[in-house]
Amino acid sequence: MRYWRKPLDEDKVVPIRGEVEIIPDRCKGCGFCIRFCPRGVLEESPEFNQKGYHYPRVARPDRCAGCGLCEMLCPDFAIHVTTARRREAAGV
């Protein structure tokens, strides 16, 4: 999107960054998180977990916006997303 003028608070706005944590041994390799990530953060890992499935890995961590869609779609609860705001609220 292009603006016709520069926003006044452009230097104060900090983009939200997310941090994705994956528990490989819970994953069954369905690929929902990889397919439906709007920013293309995850990709399939070449390694196998204990169940024999390819689990996802974070390929582009700088692109994560912390939307939590991968966490919501995971049927095995193998993905957890934290944002800077959640970490501050938790006191970490």
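This chain uses plain numbering: 1 for the first residue, then up along the sequence. Not measured: the values here are computed from a predicted model.
- Residue His80 holds its NE2 atom at 12.5 Å from CD of Glu19, rounded to the nearest 0.5 Å.
- Evaluation of the side chain to side chain donor-acceptor pair (under 3.5 Å) rule for Arg57 yields Glu43 as partners, not counting sequence neighbours.
- Grouping the Ile, Leu, Val, Met, Phe, Trp and Tyr side chains by contacts below 4.5 angstrom, directly or via other members, places Ile34 apart from Tyr53.
- Of all heavy-atom pairs between Val81 and Gly66, the closest is CG1-CA, 3.8 Å.
- Note: Tyr55 OH to Glu47 CD = 4.5 Å, rounded to the nearest 0.5 Å.
- Checked against side chain to side chain donor-acceptor pair (under 3.5 Å), Gln50 has no partners two or more places apart in sequence or in another chain.
- A pairwise comparison of heavy atoms in Phe36 and Leu69 identifies O-CD2, 3.2 Å as the closest pair.
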Could you walk me through whether Ile22 and Cys27 pass side chain to side chain contact (heavy atoms under 4.5 Å, CB included), step by step? CA-CA 9 Å; Ile22 299 170; Cys27 181; 5.7 Å; no

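- Closest non-hydrogen pair, Cys74 versus Ala78, comes out as SG-N, 3.2 Å.
- Smallest separation of non-hydrogen atoms from Arg63 and Val41: C-CG2, 3.9 Å.
- Pro75 and Lys28 make their closest contact through CG-CE, 3.8 Å (heavy atoms, listed as atom of the first residue, atom of the second, distance).
- Ile23 and Val20 are members of different hydrophobic clusters when ILVMFWY side chains are connected at heavy-atom separations under 4.5 Å.
- Annotation: the span from Asp25 atom CG to Asp76 atom CG amounts to 11.5 Å, rounded to 0.5 Å.
- Heavy-atom minimum distance, Cys33 versus Leu42: CB-CD1, 3.7 Å.
- For the atom pair CD (Glu21) and CD1 (Ile79), the distance works out to 10.5 Å, reported to the nearest 0.5 Å.
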